Amino acid sequence: DVKVTQSSRYLVKRTGEKVFLECVQDMDHENMFWYRQDPGLGLRLIYFSYDVKMKEKGDIPEGYSVSREKKERFSLILESASTNQTSMYLCASITGQGGNEQYFGPGTRLTVT
Amino acid sequence: DAKTTQPPSMDCAEGRAANLPCNHSTISGNEYVYWYRQIHSQGPQYIIHGLKNNETNEMASLIITEDRKSSTLILPHATLRDTAVYYCIVRDLGSSNTGKLIFGQGTTLQVKP
């Protein structure tokens, strides 16, 4: 059974903290994605990566960075968390060879107080 | 990627067919129509995709009009577990394909007993 796992389902952090959200996939997929989901705004792409050490900005990269040191792992980093980064964060992956199905993790609900 | 338009919400009686429409009037020849759904508190899940022919799998059927400007996702016998937000997405599978998906607001389908 294919899997995308995220390190936490729920996370509470304080303003100004550095936050790491981890995502791991076991399908040997080349492409990985980070989205955030907010009521009324839907899913928005933050960053994606199509290979190890490669990254591309999505639609809302400000305030975030990413790291992809190994193919199976894609990390989202909030350098200095702010309250407007309170959101649901979803990781996804897809094979780079014309894959059709993007697989999503269960999500991490982050609250910044 | 072309934009899609979906009704914000729909109801369906349990056991009946649910027909979810989607308009994609600016779709180009290389773009496929994809459907995902998101059950509450979970990540989105792939359902089906197609280019111009009708498609069917174990979850649903996809009917695409001849001019490809609209499509309908059909859940033949809706159950309470099909209550979810359904997203219609158009995606170019050309050489620059990264698997990136652009989500709209989707249709919230409520299946009622």
Side-chain angles (χ1 to χ4, degrees), chain A residues 1-6 8-10 21 23-25 27 29-51 54-61 68 74 87-109, chain B residues 1-9 22 30-53 55-60 62 64 71 73 84-109:
Chain A
D1 196 20
V2 296
K3 271 219 169 95
V4 177
T5 56
Q6 295 183 228
S8 305
R9 283 288 268 151
Y10 300 93
L21 301 183
C23 175
V24 177
Q25 51 94 3
M27 295 163 281
H29 284 169
E30 289 78 12
N31 298 353
M32 297 186 74
F33 306 82
W34 275 106
Y35 297 86
R36 66 177 280 178
Q37 185 171 29
D38 302 286
L41 296 176
L43 280 92
R44 294 178 291 165
L45 182 64
I46 305 171
Y47 266 98
F48 66 100
S49 167
Y50 51 88
D51 203 350
M54 305 301 285
K55 60 186 179 185
E56 292 273 346
K57 292 180 180 179
D59 300 317
I60 50 163
R68 185 124 182 248
F74 191 35
S87 186
M88 170 68 84
Y89 290 88
L90 290 154
C91 175
S93 74
I94 191 170
T95 179
Q97 280 85 43
N100 289 312
E101 183 173 349
Q102 195 167 119
Y103 293 87
F104 283 81
T108 295
R109 183 162 294 283
Chain B
D1 291 326
K3 189 174 173 175
T4 63
T5 305
Q6 299 176 252
S9 64
C22 179
N30 297 328
E31 289 179 317
Y32 285 67
V33 180
Y34 280 74
W35 284 83
Y36 280 73
R37 74 179 183 184
Q38 187 174 21
I39 294 170
H40 184 63
S41 296
Q42 297 182 22
Q45 175 193 22
Y46 165 84
I47 302 172
I48 198 168
H49 76 282
L51 182 63
K52 50 187 171 183
N53 297 322
E55 303 287 344
T56 296
N57 63 20
E58 65 278 4
M59 288 182 71
L62 174 60
I64 303 174
S71 60
L73 178 75
V85 179
Y86 287 78
Y87 297 99
C88 169
I89 300 165
V90 291
R91 181 184 156 206
D92 188 346
L93 290 184
S95 58
S96 62
N97 171 42
T98 59
K100 191 169 89 166
L101 298 174
I102 299 173
F103 286 82
Q105 296 300 309
T107 296
T108 298
L109 175 69

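From a predicted model like this one, the values you see are computed outputs, not experimental measurements.
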**Request:** Assess whether side-chain contact (heavy atoms from CB on, under 4.5 Å) is satisfied between Leu43(A) and Gln105(B), documenting all intermediate values.
**Result:** CA-CA 8 Å; Leu43(A) 280 92; Gln105(B) 296 300 309; over 6 Å; no
**Item:** Tyr36(B)/Phe104(A) under side-chain contact (heavy atoms from CB on, under 4.5 Å): CA gap, chis, key distance, verdict
**Value:** CA-CA 11 Å; Tyr36(B) 280 73; Phe104(A) 283 81; 4.1 Å; yes
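For the atom pair Gln45(B) CD and Gln102(A) CD, the distance stands at 13.5 Å (nearest 0.5 Å). Taken to the nearest 0.5 Å, the CD1 atom of Ile47(B) stands 10.5 Å off from the CD atom of Glu101(A).
Closest heavy-atom contact between Leu90(A) and Pro44(B): CD1-CD, 4.1 Å.
Close placement of the Tyr35(A) and Phe103(B) rings is indicated, their centers lying within 6.0 Å of each other.
In this structure, chain B has no heavy atom under 4.5 Å from any part of Glu56(A). For a residue to count as touching a neighbouring chain, one of its non-hydrogen atoms must lie under 4.5 Å from one of that chain's; by this rule Arg109(A) does not touch chain B. Residue contact with chain B, scored on non-hydrogen atoms closer than 4.5 Å, involves the side chain of Leu45(A) exclusively.
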